[in-house]
Chemist: 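Sharing a structure with you now.
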Protein chains: 2
Amino acid sequence: MDQAAGRRREPTMRDVAALAGVSTKTVSRVINDQPGVGPEATERVRAAAHTLGFRPNLTASSLRRSDRRSATLGVLFEDLSNPFDSALLRAVEDRARSSGVLVLTGSDEDDPRLQRELLALLASRRVDGMIVMAVGGHQDALQQERERGTPMVLVDRPPTFANTDSVTTTNRESTREAVLLLASLGHRRIGFLGDRQALWTSQQRYTGYLEGLAHAGLTLREDLVMTDLRGPDAAEAATATLLDLAQPPTALFTAQNLLTLGAMRTLRDRRLHHRIALIGFDDFPLADMLEPSVTVIRQDVPAIGRTAAELILARIEGDQAPVVHAVIPALLISRGSGEIPPQPD
Amino acid sequence: MDQAAGRRREPTMRDVAALAGVSTKTVSRVINDQPGVGPEATERVRAAAHTLGFRPNLTASSLRRSDRRSATLGVLFEDLSNPFDSALLRAVEDRARSSGVLVLTGSDEDDPRLQRELLALLASRRVDGMIVMAVGGHQDALQQERERGTPMVLVDRPPTFANTDSVTTTNRESTREAVLLLASLGHRRIGFLGDRQALWTSQQRYTGYLEGLAHAGLTLREDLVMTDLRGPDAAEAATATLLDLAQPPTALFTAQNLLTLGAMRTLRDRRLHHRIALIGFDDFPLADMLEPSVTVIRQDVPAIGRTAAELILARIEGDQAPVVHAVIPALLISRGSGEIPPQPD
DNA sequence: ACCGGTTACGTCAACGTTGACGCAGGAGGA
DNA sequence: TCCTCCTGCGTCAACGTTGACGTAACCGGT
């Protein structure tokens, strides 16, 4: 047995047919459970297939079939090593596998060039449909792919173009809810740390923040808002800046999980983590093990993934229903850090 | 534009050929950068392909080519939503993409039936090779697949059968090192919490524990060893059991990241987290944000993934070198919890 | 005995692409 | 001048499978 080259030729339907003494078409019928084959012929084919270890070649099959199905889905996320993305992938995968569908994956790092390239690689493998996290900025590549007729569902962020399903979460509403919670505890100076404003989710969360302030009768203080923070280190520095203000915030809202970590780090360094309230968007492992435990807004990632998978599978089956923009509710999980009242100076 | 059905027919080489006024073979040559086409014909083909939006059908191509390559790899891990697995996937993916190869994924949940099923699904899509985390117990399905000639590399756990590459880490050596560190601080009663002993990694880590004790001149106390723990809850209970002994351990070694979390939870509940030393196998996010920060053995996940991908790609290219069992060194990261000296009772 | 229908197969071509091979025309050498 | 080689194409068949269609045998009814 070699490691690689000299790979044994896989047995084909022709081989099975020869051994069973029937035509390849009959083998095809048996393999695909189609009617029109007698019980003994069926048995002979089954036996032959088993002794030869025959496995149908799905690429040849999908080439020839009229529906062209490859029973393969493309999944294009920002970064599959991110817990949010990988949990989403897992949910998609589970739902897909129950339909015998496998998943071809890619990480585009939110880079339009990379996304376009990966889209092309998926397309040349003729996946039946794609579940994609759109990159920030314009979605030209996605739109072009969609206009070619590729079934597509966007997750996490909706399309900027027409006629494409999406699954997102209650970014705005849940953020508003969190801000209202803080305000109800008496906080008047609530800081906001946000991701890149080019991202739709960031904009939504910021809008929710503004709405929350308005509902609580608070006026926006621009100096308490820091956006376009990329990663925990930026959030760490931004938090320090806010705390150094003459009138520092008594509560913080962090609009993304990495930013939550950065903010926590600064609060901890300054021994303020029990004195300044903190609510973060996105749950993360161990949030409940920290001191104080971190209050977060948790997206229902399994539901998002399952919904996206169900949508795309239905579209692939030919579902012609009007476009769907599903919104999966997120949940505010109170753990302690968000319930700290404002502290006297 | 419909959502799904009535999917536009993708343009083929025939369409391009017709528009460019050449034969399909000439189109094929241009697309594949093969020689034997004049500059103007090349230009006409390029233009035609561009205006039609032609993209080669890789499934048809791989069916016909002599090497049968589909430029697709199968990756079969235990659970893609686990941070270790997803980081590994990401590393594999990056290395593969630099060769234009895409990855077809699956999670087998350490279930032999599921693994066999997913293996078959990957095989019927004729992936060029597979990177697999073997399930605990016997590896029959893997071995059979391997014996059919499928190029294969195992990660995290080595094969129990011949002639198959693997990439693992220094489970035994690093565990020994950790135990020696604890012993050097004066610990005499070091507890061990282990995963299912059916897993190779668990056995290795347990062996390392034994070796560490022996090197330190300590005798094994069986009552301090708890194995076959599944998940954090089991570890939590096991830790409680150990602490309730007449002579409880003064230090703990947890052989897997979920077990580390469970042990930490119990230590914290009993307010012993600053009095009992703890070292865990596998790093995890936020380990540095806890109090005390958790000393861990960190596997070099990117290196493992990259190495596995390079191995499989080389084998696919026909590399006939003898079997490789790569071992990637893990690193002990001292953060505090592992440096707590034994406390007087 | 004859007809219409059904059952259980088989034959053939085609899906989109590429390997093997063929061929015309021009360049270059004897 | 003729032969050879090379360049730049084209033709054809085949990869493994399945849709469309053909057909022989048999059934029941008249």
Side-chain angles (χ1 to χ4, degrees), chain A residues 7-46 48-49 52-72 123-128 148, chain B residues 7-46 48-49 52-72 123-128 148:
Chain A
R7 210 178 151 169
R8 208 172 293 168
R9 195 179 67 85
E10 291 266 344
T12 72
M13 282 195 179
R14 213 194 316 275
D15 302 322
V16 176
L19 183 55
V22 296
S23 73
T24 59
K25 181 73 240 215
T26 298
V27 176
S28 170
R29 280 191 264 252
V30 172
I31 297 297
N32 294 292
D33 288 314
Q34 287 170 355
V37 184
E40 356 153 11
T42 302
E43 199 34 57
R44 283 211 313 283
V45 170
R46 290 247 164 77
L52 292 179
F54 169 78
R55 284 181 303 195
N57 183 329
L58 204 60
T59 68
S61 166
S62 87
L63 181 62
R64 177 62 240 238
R65 298 184 97 95
S66 42
D67 61 11
R68 286 297 151 88
R69 300 283 175 73
S70 57
T72 306
S124 66
R125 281 158 184 83
R126 298 300 190 263
V127 294
D128 298 334
R148 285 163 165 268
Chain B
R7 208 176 151 168
R8 207 171 295 168
R9 196 179 67 84
E10 290 266 344
T12 72
M13 282 193 178
R14 212 193 319 273
D15 302 322
V16 176
L19 182 56
V22 297
S23 73
T24 60
K25 181 72 238 218
T26 297
V27 176
S28 170
R29 281 192 264 251
V30 172
I31 297 297
N32 295 292
D33 289 314
Q34 286 172 357
V37 185
E40 356 152 12
T42 301
E43 200 33 58
R44 284 211 312 284
V45 169
R46 290 246 165 78
L52 293 179
F54 169 78
R55 284 180 303 196
N57 184 328
L58 204 61
T59 69
S61 166
S62 87
L63 181 61
R64 177 64 240 238
R65 299 184 98 95
S66 43
D67 61 11
R68 285 299 150 89
R69 299 282 175 74
S70 58
T72 306
S124 66
R125 280 159 184 80
R126 298 298 190 266
V127 294
D128 299 334
R148 284 164 166 269

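Letters A, B, ... mirror the listed sequences (proteins, then strands); counts begin at 1. Bear in mind the structure is a predicted one, so any value in this text is a computation, not a measurement.
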Chemist: Return the CG to CG distance between A:L19 and A:D15, rounded to the nearest 0.5 Å.
Modeler: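 If I round to the nearest 0.5 Å, the distance is 9.0 Å.
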
Chemist: Are OP1 or OP2 of D:dG16 and a side-chain N or O of A:T12 less than 4.0 angstrom apart?
Modeler: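 For A:T12, the contact criterion (side-chain N or O under 4.0 Å from OP1 or OP2 of D:dG16) is not met.
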
Chemist: Check each residue of residues 29-38 of chain A for a non-hydrogen atom within less than 4.0 Å of any atom in DNA chain C, then write out the ones that pass by number, or none.
Modeler: A:R29, A:G36, A:V37, A:G38

Chemist: side-chain contact (heavy atoms from CB on, under 4.5 Å) between B:L58 and A:R126: does it pass, once the steps are laid out?
Modeler: CA-CA 8 Å; B:L58 204 61; A:R126 298 300 190 263; over 6 Å; no

Chemist: Mark yes or no for whether B:D128, through its side chain, and B:R69, through its backbone, hold a donor-acceptor pair below 3.5 Å.
Modeler: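 No; judged by distance alone, with no hydrogens or angles, the pair does not exist.
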
Chemist: Starting from P on C:dG16, measure out to CZ on A:R126 and report it in whole angstrom.
Modeler: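 Answer to the nearest Å: 9 Å.
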
Chemist: What side-chain donor-acceptor pairs closer than 3.5 Å can you find for residues 31-39 of chain B, not counting sequence neighbours?
Modeler:
unit_1	atom_1	unit_2	atom_2	d
B:N32	ND2	B:S28	O	2.8
B:N32	ND2	B:S28	OG	3.4

Chemist: How long is the line joining CZ of A:R65 and P of D:dA20, in whole Å?
Modeler: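 For the pair A:R65 CZ and D:dA20 P, the rounded distance is 12 Å.
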
Chemist: Using only side-chain N and O atoms of B:S28, determine if any of them is under 4.0 Å from OP1 or OP2 of C:dT17.
Modeler: no

Chemist: Would you say A:R44's side chain and A:A20's backbone share a donor-acceptor pair under 3.5 angstrom?
Modeler: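 Present.
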
Chemist: Scan B:T26 against the nucleic acid and name what it touches under 4.0 Å (heavy atoms): base, sugar-phosphate only, or nothing.
Modeler: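 Sugar-phosphate: the residue B:T26, judged by heavy atoms under 4.0 Å, touches backbone atoms but no base.
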
Chemist: In whole angstrom, what separates B:R44's CZ from D:dC9's C1'?
Modeler: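 For the pair B:R44 CZ and D:dC9 C1', the rounded distance is 11 Å.
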
Chemist: Is A:R64 close enough to C:dA14 that one of its side-chain N or O atoms is under 4.0 Å from OP1 or OP2 there?
Modeler: no

Chemist: Which listed nucleotide (D:dG16, D:dG19, C:dC9) is nearest to the side chain of A:S66?
Modeler: D:dG19

Chemist: B:L58 CG to C:dC15 C1': how many Å, rounded?
Modeler: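 Checked: the CG to C1' distance equals 15 Å.
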
Chemist: Is the side chain of B:R14 donor-acceptor paired with the backbone N or O of B:S23 at a distance under 3.5 Å, no angle test?
Modeler: no

Chemist: Nearest to the side chain of B:N57, which nucleotide is it out of C:dT18, D:dC9, C:dT17?
Modeler: C:dT17

Chemist: Roughly how many Å is it from CZ in A:R125 to C1' in C:dG16, rounded to a whole number?
Modeler: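 A:R125 atom CZ is separated from C:dG16 atom C1' by 16 Å.
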
Chemist: Just checking A:V27: base, sugar-phosphate only, or nothing, at a heavy-atom cut-off of under 4.0 Å?
Modeler: nothing

Chemist: When the C1' atoms of the five terminal pairs at each end define the local axes, what inter-axis angle does the helix from C:dA1-D:dT30 to C:dA30-D:dT1 show, to 10 degrees?
Modeler: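 End axes: 50° apart.
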
Chemist: Nearest heavy atom decides the nucleotide; on that basis, is A:T24 or B:P39 closer to the 5' end of DNA chain D?
Modeler: B:P39

Chemist: Under 3.5 Å, side chain of A:S61 to main-chain N/O of A:T59, donor-acceptor pair present?
Modeler: no

Chemist: In Å and rounded to the nearest 0.5 Å, what is the CZ to CG distance from A:R125 to B:N57?
Modeler: 11.0 Å

Chemist: With a 4.0 Å cutoff (strictly under), does any side-chain N or O of B:S61 reach OP1 or OP2 of C:dT18?
Modeler: yes

Chemist: A:R68 has a side chain; which of C:dT17, D:dG16, C:dG16 sits nearest to it?
Modeler: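 Selected nucleotide (nearest to the side chain): C:dG16.
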
Chemist: For B:D15 and C:dG16, give me the distance from atom CG to atom C1', rounded to whole Å.
Modeler: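 After rounding, the reported distance stands at 10 Å.
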
Chemist: How close or far is atom P of D:dG16 from atom CD of A:E10, stated in whole angstroms?
Modeler: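 For the pair A:E10 CD and D:dG16 P, the rounded distance is 10 Å.
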
Chemist: I want to check one thing: is the phosphate of D:dC15, taken as OP1 and OP2, less than 4.0 Å away from some side-chain N or O of A:R14?
Modeler: yes

Chemist: Return the value, rounded to whole Å, for the distance between atom CE of B:M13 and atom P of C:dG19.
Modeler: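 B:M13 atom CE is separated from C:dG19 atom P by 10 Å.
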
Chemist: Taking 4.0 angstrom as the limit, do B:R68 and A:E10 come out as a salt bridge?
Modeler: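 No.
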
Chemist: Taking A:M13's backbone N and O only, do any of them form a donor-acceptor pair with A:T24's side chain (distance below 3.5 Å, no angle check)?
Modeler: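 The answer is no, because no donor-acceptor pair under 3.5 Å joins these two groups.
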
Chemist: Among D:dC15, D:dG10, D:dA20, which nucleotide sits nearest the side chain of A:K25?
Modeler: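 Taking heavy atoms from C-beta onward, the closest nucleotide is D:dA20.
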
